[in-house]
Enquirer: 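To start, I am sharing the structure in question, which I have written as structure tokens.
These values consider heavy atoms only, across backbone and side chains, with no hydrogens, waters or symmetry-generated copies. Both counts, for ligands and for their atoms, begin at 1 and track the order of listing. The structure displayed is predicted, hence computed values, not measured ones.
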Amino acid sequence: MNIKSAVFVKGVVGPNQILDDGKHKVAFIGRSNVGKSSVINSLLRKKGLVKSSSTPGKTREINFFLVNEDIYFVDLPGYGFAKISMQAREKLRNLILWYLTSPEIEHSRIVLIVDAKIGPTKLDEEMIDVLKDYGHDFVVVANKSDKLKRNSRITQLKLIREQTGKEAILYSAKTIEGRNEVMSKIFE
Ligand SMILES: Nc1nc2c(ncn2[C@@H]2O[C@H](COP(=O)(O)OP(=O)(O)O)[C@@H](O)[C@H]2O)c(=O)[nH]1
Ligand SMILES: [Mg+2]
């Protein structure tokens, strides 16, 4: 897919603000610091469109980016960042759940990003349960594949498959390995 334009449209912090204009959405979800912002930027080939920060847990909004004036890429808040208050964590969790249960996202695709080297964590598994509970299918992207040793690629893919029930795509926001595969999966 050829990216002609990608622009930030809005950040949403609470209910009743979702974009309800009938356009399809692709939502990216994952642990804080897994590289969500970097993945979105690299897929769109736009450095700095989504702020990638060295301070994990900074994204506390749901950010909407309109791509080719046609489809939204949605950056959901990262989960599992320890250094924020219980209350803030609960708020983030609710924001994610609210998105996942909004009727407007019926035609939304979900991309779950896990760390290729670490594999799915307990929190990722919880998120998978949530997605299943709400009947959302999802694509698994294993980011930071550049950190994997050559001979552990297949082992990690197998591990991720066993833990998520999905065939993961090895991806690197750094080298853009897997970009075509992820894009065609998103737009298939
Ligand atoms: N080596 C490597 N580092 C990455 C990759 N993607 C993201 N990172 C780094 O991981 C950190 C968190 O990235 P960010 O996109 O802000 O994560 P987010 O919190 O999930 O949005 C940053 O230091 C990135 O440079 C990748 O594919 N390979
Ligand atoms: Mg981010």
Enquirer: Measure the shortest side-chain to side-chain distance between I128 and F138 over non-hydrogen atoms and say whether it is less than 4.5 angstrom.
Expert: yes
Enquirer: Should one rank G35, G178, A173 by closest heavy-atom distance to atom 27 (O) of ligand 1, which comes out on top?
Expert: A173
Enquirer: How long is the gap from CG on L66 to CD1 on I71, to the nearest 0.5 Å?
Expert: 9.5 Å
Enquirer: Considering both backbone and side-chain atoms of S32, is one of its nitrogen or oxygen atoms within less than 3.5 Å of a nitrogen or oxygen in ligand 1?
Expert: no
Enquirer: Any N/O/S of S37 under 2.8 Å from the Mg ion (ligand 2)?
Expert: yes
Enquirer: Give yes or no for whether the N/O distance cutoff of 3.5 Å, strictly under, is met between S37 and ligand 1.
Expert: yes
Enquirer: Evaluate the side-chain proximity of E69 to S5: yes if any heavy-atom separation is below 4.5 Å, no if none is.
Expert: yes
Enquirer: Are F28 and R109 close enough that some pair of their side-chain heavy atoms sits under 4.5 Å apart?
Expert: no
Enquirer: Would you indicate whether the side-chain heavy atoms of I62 and V74 approach each other to under 4.5 Å?
Expert: yes
Enquirer: When only distance counts, is Y171 in polar contact with ligand 1, meaning an N/O pair under 3.5 Å?
Expert: no
Enquirer: I'd like to check which ligand 1 atoms, numbered from 1 as shown, lie under 4.0 Å from a non-hydrogen atom of K174.
Expert: 1 (N), 2 (C), 26 (C), 27 (O), 28 (N)
Enquirer: Quick test of your reading of the structure: of N143, N33, D146, T175, whose heavy atom lies closest to atom 6 (N) of ligand 1?
Expert: N143
Enquirer: Using side-chain heavy atoms (C-beta onward) and a distance below 4.5 Å, is R45 in contact with R179?
Expert: yes
Enquirer: Looking at non-hydrogen atoms alone, which of K36, K144, K117 comes nearest to atom 5 (C) of ligand 1?
Expert: K144
